[in-house]
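For reference, the structure is listed below as structure tokens.
Source: prediction; values computed, not measured.
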Amino acid sequence: MKQNLDYKLIFALAAVGIVWGTTFLGIRVAVETIPPWFVTSIRQGLAGLIMMTILLFKKELKWIGWGNFRQQLIASVLMLVIANGFTTIAEQNIPSGLASVINALTPILIFLGSIMFGLQKMSLKGFVGVIIGFSGVVFIFKDGLSSFLDVNYRTGMMFMGFAILAWAAGTIYTKTHANKSKNITLNLFYQFTIASCIQLVLASIFSPNPDFNSWSSKSIFAALYLSVFGSVIAFFCYNYALKHVTAVQVSILSYINTIIAVFLGWLLLDEVITVDFIIATALIILGVFIVNYKKKEKKAL
């Protein structure tokens, strides 16, 4: 008998790949008029309220105990406060495309970290797949790689560097510790709420006198989109996927994010899709395939 396809897992992986591909554009629009820590605090705060509403409706809102709370706190600080917050700050200084390239280094960090912590065995196949996928991302932006040398982008790239390190650490930590509880919604409620509170404090420190009248409706809508889709839907799917496949297999989807980002540029900004983009897409898909490919075992007669 053939194994049934896990449609929930396929949907979760597709949602992570597609939705997070749109968030680089969303963040860029949001920070045009809203200070970055306010963007992240609104994003996670609204996401926390949505999770709380779901939990109240299902009568599942409860205290998770200090042990689990500590695990959700660590995951929240790494993935939401630092990774998400620093990415938002970075996009004040660098183009969303460049942020996407730097973010595409994450699977390499997670691959190395997973080997280091015994989550994955060192394999040539996995290493080759990750490198081929990343080369596809670089190929898309090869004409803009000089941006890495731009002095004005140095601050943004520094924040992105910390962001991807924190995201990789958070993914590995979630896979090994914070993901053992079965109630993903409850865990995310605590993560979003913790992050929003911390980020609201940071917003009050770094933007003490915000001019709310200057916040454009476009930026507010972008922040709401980031909350509902970028946080609630994508994070739920990411955590669900981490329960069923390896951290590297989930992280490789950040390459797909780049394809989505370029596609949106073509769709919304009339950017031209070139032969380079088609070649890069093929490299990315090949990389994803190599990482995930498993030979079918022959059954004994």
Side-chain angles (χ1 to χ4, degrees), residues 7-23 25-27 29-30 34-85 87-88 167 170-171 174 177-204 210 212 215 217-244 250:
Y7 290 105
K8 286 183 180 177
L9 178 60
I10 292 169
F11 174 82
L13 292 169
V16 171
I18 294 168
V19 173
W20 274 342
T22 67
T23 54
L25 180 64
I27 290 170
V29 173
I34 305 176
W37 286 119
F38 275 108
V39 171
T40 56
S41 183
I42 292 167
R43 176 178 177 175
Q44 315 311 347
L46 182 56
L49 285 173
I50 293 169
M51 290 299 186
M52 184 176 72
T53 304
I54 294 169
L55 290 166
L56 286 170
F57 179 75
K58 295 171 72 175
K59 297 181 179 177
E60 292 179 353
L61 184 62
K62 61 183 179 180
W63 171 242
I64 53 175
W66 286 110
N68 193 9
F69 179 81
R70 180 176 60 83
Q71 292 174 351
Q72 303 312 320
L73 172 65
I74 293 170
S76 176
V77 169
L78 287 172
M79 301 183 81
L80 296 173
V81 177
I82 300 176
N84 189 261
T87 299
T88 307
W167 185 265
T171 297
T174 300
H177 294 89
N179 213 27
K180 291 174 183 174
S181 169
K182 291 181 180 179
N183 196 332
I184 297 175
T185 308
L186 188 62
N187 287 347
L188 286 177
F189 162 71
Y190 278 95
Q191 287 185 30
F192 289 140
T193 305
I194 291 165
S196 182
C197 291
I198 294 172
Q199 289 164 338
L200 189 60
V201 171
L202 291 169
S204 65
F212 297 111
W215 293 10
S217 56
K218 191 167 71 168
S219 290
I220 292 169
F221 178 79
L224 295 177
Y225 173 83
L226 289 170
S227 178
V228 176
F229 289 89
S231 288
V232 174
I233 294 173
F235 268 93
F236 186 90
C237 291
Y238 192 77
N239 278 265
Y240 179 86
L242 276 177
K243 281 179 172 287
H244 295 84
V250 180

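Distance OG1/Thr23 to CD1/Ile18: 12.5 Å, rounded to 0.5 Å. The NZ atom of Lys58 sits 10.0 Å away from atom CG of Leu186, with the distance rounded to the nearest 0.5 Å. Taken to the nearest 0.5 Å, the OG atom of Ser219 stands 11.0 Å off from the CG atom of Leu224. Within the model, atoms CD1 of Ile194 and CD of Gln199 stand 11.5 Å from one another, a figure rounded to the nearest 0.5 Å. Note that the CD atom of Gln71 and the OG1 atom of Thr174 stand 9.5 Å from one another [nearest 0.5 Å]. Remark: Asn183 CG to Ile64 CD1 distance equals 9.5 Å, nearest 0.5 Å.
The ring-ring contact (aromatic ring centres under 6.0 Å, His included) check on Phe212 picks up Trp215, with sequence neighbours excluded. Ala222 is linked by a side chain to side chain contact (heavy atoms under 4.5 Å, CB included) to Val29, Ala30, counting only residues two or more places apart in sequence or in another chain. Partners of Phe229 under the ring-ring contact (aromatic ring centres under 6.0 Å, His included) rule, at least two apart in sequence or in another chain, are Tyr225. Scanning for ring-ring contact (aromatic ring centres under 6.0 Å, His included) contacts around Phe235 gives Trp20, Trp167, Phe192, with sequence neighbours left out. For Phe221, the ring-ring contact (aromatic ring centres under 6.0 Å, His included) test picks out no residue, with sequence neighbours left out.
Side chains of Val39 and Ile27 form no contact here, defined as non-hydrogen atoms less than 4.5 Å apart. With contacts defined as side-chain heavy-atom distances shorter than 4.5 Å, the pair Thr185/Glu60 does not qualify. Asn239 places none of its side-chain heavy atoms less than 4.5 Å from the side chain of Asn187.
In terms of heavy atoms, Leu9 sits closest to Ala241 at CD1-CA, 3.9 Å. The nearest pair of heavy atoms linking Leu200 to Phe38 is CD1-CE2, 4.4 Å. What you find for Lys62 and Tyr190 is that their closest heavy atoms are O-OH, 2.7 Å.
The backbone N or O of Val19 sits less than 3.5 Å from a side-chain atom of Thr22, completing a donor-acceptor pair.
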Would you list the atom pairs, donor with acceptor, under 3.5 Å between side chains in residues 73-81 and any protein atom, with sequence neighbours excluded?
from  : atom 1 : to     : atom 2 : distance (Å)
Ser76 : OG     : Gln191 : O      : 2.8
Ser76 : OG     : Ala195 : N      : 3.4

Cut-off 3.5 Å, no hydrogens considered: what does the side-chain donor-acceptor table look like for residues 42-54, sequence neighbours left out?
from  : atom 1 : to     : atom 2 : distance (Å)
Arg43 : NE     : Leu226 : O      : 3.3
Arg43 : NE     : Ser231 : OG     : 2.8
Arg43 : NH2    : Gly230 : O      : 3.2
Gln44 : OE1    : Ser231 : OG     : 3.1
Gln44 : NE2    : Asn84  : OD1    : 3.0
Thr53 : OG1    : Leu49  : O      : 2.8

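Around the CH2 atom of Trp63, the shell of radius 6.0 Å holds more than 12 heavy atoms that belong to other residues, nucleotides or ligands.
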